[in-house]
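For reference, the structure is listed below as structure tokens.
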2 protein chains.
Amino acid sequence: MTDQRPSARTGRDRGIPDATVARLPVYLRALSALADAGSDTVSSEELATSAGVNSAKLRKDLSHLGSYGTRGVGYDVELLTEEISLALGLSQRWAVALVGVGNLGHALAGYAGFASRGFRIAALLDADPARVGELIQGINVQHIDDLPAVVEHEGISIGVIATPAPSAQLVCDQLVAAGVTSILNFAPCVLSVPDGVDVRKVDLSIELQILSFHENRKAFGAQPNQFAKKQPPGRLTTLPGGAAGTPPAREVVNE
Amino acid sequence: MTDQRPSARTGRDRGIPDATVARLPVYLRALSALADAGSDTVSSEELATSAGVNSAKLRKDLSHLGSYGTRGVGYDVELLTEEISLALGLSQRWAVALVGVGNLGHALAGYAGFASRGFRIAALLDADPARVGELIQGINVQHIDDLPAVVEHEGISIGVIATPAPSAQLVCDQLVAAGVTSILNFAPCVLSVPDGVDVRKVDLSIELQILSFHENRKAFGAQPNQFAKKQPPGRLTTLPGGAAGTPPAREVVNE
DNA sequence: TACCGCTTGTGAACGCTCGCACAAAGTCGG
DNA sequence: CCGACTTTGTGCGAGCGTTCACAAGCGGTA
Ligand SMILES: NC(=O)c1ccc[n+]([C@@H]2O[C@H](COP(=O)([O-])OP(=O)(O)OC[C@H]3O[C@@H](n4cnc5c(N)ncnc54)[C@H](O)[C@@H]3O)[C@@H](O)[C@H]2O)c1
Ligand SMILES: NC(=O)c1ccc[n+]([C@@H]2O[C@H](COP(=O)([O-])OP(=O)(O)OC[C@H]3O[C@@H](n4cnc5c(N)ncnc54)[C@H](O)[C@@H]3O)[C@@H](O)[C@H]2O)c1
């Protein structure tokens with residue numbers, strides 16, 4: 001799961017496990033679909049299937065919130081939706097600041113999935129004077145220097161960073177200084193923040209590289225280089241060149 | 001970490017742990033920065049700091065690849081870069097198909113981070129006839145029906161889904177049928193795939209909701225509703241309305 | 001060559017997560 | 001009211017991931 005652990009739970013603390021928190025939004029989505037389909041109640045088995053998890057795991061996850069099921073029947077869709085929303089803090093609408101209105105920033109600004117889940121893009125900010133003043137989805141792009149005032153005025157506590165990596169730490173510091181305590185980072189870099197500030201990252205390249213690993217593993221079952229031991233100039237060199245014979249690629253999968 | 005576990009490792013199998021695989025790309029990025037800065041060697045302590053992890057964890061992670069460090073000295077930056085790249089299967093350039101050239105798809109198509117990490121966008125596809133033929137970053141948008149031929153011709157093994165959620169499963173099935181064995185999904189839904197196909201998801205809303213949870217926790221230390229027990233109509237109703245007195249919201253953060 | 005300081009690689013302990021399996025607790029039909 | 005059936009909530013064991021702490025190994029120095 002994404003890393004850079006958020007809010008190191010302080011040993012004691014009767015909190016909900018991180019792994020559970022990460023799944024609650026998925027359950028919420030599945031519940032929403034069930035509600036649209038007209039279901040009033042749902043069993044852990046059904047809900048688990050919709051969410052793509054084991055039913056025992058689902059029940060254990062929900063048990064952390066309290067006892068909201070009915071034995072022999074299942075869970076009330078509406079009630080459970082409310083309880084999960086409450087646990088996630090979605091009973092209030094969070095204001096979000098989006099910094100960096102480039103390619104990705106434009107897509108994010110126009111994303112309907114924010115509003116529908118209880119988040120409001122309260123501000124768009126950029127450092128480029130040419131972008132300031134631009135109107136995107138009815139929101140005016142403001143200069144990054146106005147950040148403190150905007151955060152204060154709009155009551156913003158969540159920031160999204162969509163600037164190039166070299167600027168990300170600077171922007172992050174500015175967000176923190178302005179009072180933002182949760183940050184979602186799209187730039188491919190590690191951010192350092194003071195205690196009490198949570199950072200989560202979304203990194204395309206990392207996801208692709210993980211897929212690459214598994215793809216590679218599928219292509220060559222278990223490699224021969226089982227126990228490598230620093231062969232001085234054994235298999236040599238030049239990374240993006242072509243490492244000893246391009247693999248058989250295809251013919252592996254397909255049903 | 002993202003979830004929907006890729007390629008259930010079959011019990012035995014001397015493979016690299018998933019948690020380690022997920023961090024290798026981060027190390028790679030840190031190494032790249034060190035190389036640019038002119039370092040020839042690096043200690044586990046330095047590299048761990050750059051990557052934002054514990055140095056013991058870093059060493060254990062690297063130990064899964066083999067013994068490529070020198071005691072008393074550290075790791076050779078270039079050698080380690082090669083070894084990690086090799087382990088991740090980045091010594092070859094993977095061809096990627098991007099399906100859904102809407103808001104997000106456009107941003108992704110123009111993203112330089114793909115190419116620089118060894119991925120090549122080999123095809124853009126969409127179902128909307130109005131988009132077919134459009135030229136984006138020098139690549140022609142093709143119709144989704146041409147998927148099988150394109151996958152075959154370009155040797156594509158990785159697919160990226162950037163269509164609306166209702167189309168995602170259909171597109172996924174088409175990708176799998178065409179021979180794609182790794183999928184990165186941006187649509188907010190669960191995909192089901194046959195064994196042998198890996199799926200990873202990137203979901204904005206989930207990330208924000210996790211941040212919301214922690215933000216909420218910061219606001220109200222440990223809640224009073226410690227042991228809830230199905231209060232029949234206790235605190236009631238209407239989720240996006242205002243759950244029993246809108247919380248004190250502001251005044252919490254702003255350090 | 002013998003010694004010293006530094007850093008790796010890893011054994012071992014601990015905590016978190018997962019999934020099984022089942023008792024407890026509810027519904028429903030008679 | 002009772003008994004059969006269904007589904008939740010959870011105790012428990014196994015496995016994975018993280019961290020500590022240190023012996024082993026390497027380069028440098030006398
Ligand atoms: N485009 C994608 O699909 C994509 C995908 C994954 C990750 N990313 C990452 O997201 C980030 C943004 O990507 P992009 O393609 O939108 O880049 P971009 O260059 O199109 O946009 C970056 C924007 O950030 C602004 N900016 C730069 N420095 C700033 C600062 N100090 N304060 C405020 N604003 C600042 C720039 O003016 C620009 O408008 C990058 O880190 C990139 O690696 C992008
Ligand atoms: N825009 C964002 O910032 C953002 C952020 C996170 C997640 N997402 C998700 O990414 C997905 C795409 O978002 P978007 O804003 O780009 O939407 P969009 O509507 O702008 O683009 C979707 C594209 O997919 C194409 N499409 C639809 N059905 C198709 C099919 N069966 N085969 C091929 N192509 C098909 C459409 O023609 C359209 O071009 C959505 O699932 C969205 O929830 C978007």
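Every heavy atom of this structure was used, including side-chain atoms; hydrogens, water molecules and symmetry mates were not. Quick caveat: nothing in here was measured; it's all calculated off a predicted structure.
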Over how many whole Å does the gap from [X] atom [atom1] to [N] atom [atom2] extend?
{"X": "B:L80", "N": "C:dT7", "atom1": "CG", "atom2": "C1'", "result": "14 Å"}
{"X": "B:K57", "N": "C:dT10", "atom1": "NZ", "atom2": "P", "result": "18 Å"}
{"X": "B:L62", "N": "C:dT8", "atom1": "CG", "atom2": "C1'", "result": "10 Å"}
{"X": "B:D76", "N": "D:dC26", "atom1": "CG", "atom2": "P", "result": "16 Å"}
{"X": "B:Y68", "N": "C:dG9", "atom1": "OH", "atom2": "P", "result": "11 Å"}
{"X": "B:E83", "N": "C:dG9", "atom1": "CD", "atom2": "P", "result": "12 Å"}
{"X": "A:D61", "N": "C:dG19", "atom1": "CG", "atom2": "P", "result": "11 Å"}

Side-chain heavy-atom pair [X], [Y] within 4.5 angstrom cut-off:
{"X": "B:F213", "Y": "A:I16", "answer": "yes"}
{"X": "B:Y75", "Y": "B:R59", "answer": "yes"}
{"X": "B:Y27", "Y": "B:V53", "answer": "yes"}

**Message:** Does B:K60 contact D:dT18 through a side-chain donor or acceptor facing the base, at a distance under 3.5 Å?
**Reply:**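 Not at all, since no donor on one side and acceptor on the other fall under 3.5 Å apart.
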**Request:** Can you check whether any acceptor in the base of C:dT8 is under 3.5 Å from a donor in the side chain of B:R71, or vice versa?
**Result:**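 Donor-acceptor pair under 3.5 Å: yes.
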**Request:** Indicate yes or no for a side-chain donor-acceptor contact from A:Q169 to the backbone of A:S192 under 3.5 Å, with no hydrogens or angles considered.
**Result:**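 Between the backbone of A:S192 and the side chain of A:Q169 there is a qualifying donor-acceptor contact (under 3.5 Å).
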Report yes if at least one side-chain N or O of [X] is closer than 4.0 Å to OP1 or OP2 of [N]; otherwise report no.
{"X": "B:N54", "N": "D:dC20", "value": "yes"}
{"X": "A:Y75", "N": "D:dG9", "value": "yes"}
{"X": "A:R23", "N": "C:dC18", "value": "yes"}
{"X": "B:S44", "N": "C:dT8", "value": "yes"}
{"X": "B:S43", "N": "C:dT7", "value": "no"}

**Request:** Hey, could you give me the CG/CD distance between B:D203 and B:E207, rounded to the nearest 0.5 Å?
**Result:**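 It comes to 7.5 Å.
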**Message:** Can you identify which nucleotide, out of C:dG9, D:dG17, C:dA21, has its nearest atom closest to the A:R59 side chain?
**Reply:**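 Between C:dG9, D:dG17, C:dA21, the one nearest the side chain of A:R59 would be C:dA21.
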**Prompt:** Taking for each residue the nucleotide of DNA chain C bearing the nearest heavy atom, is the 5' side occupied by B:A56 or by B:V73?
**Reply:**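 Its nearest nucleotide being more 5', the pick is B:V73.
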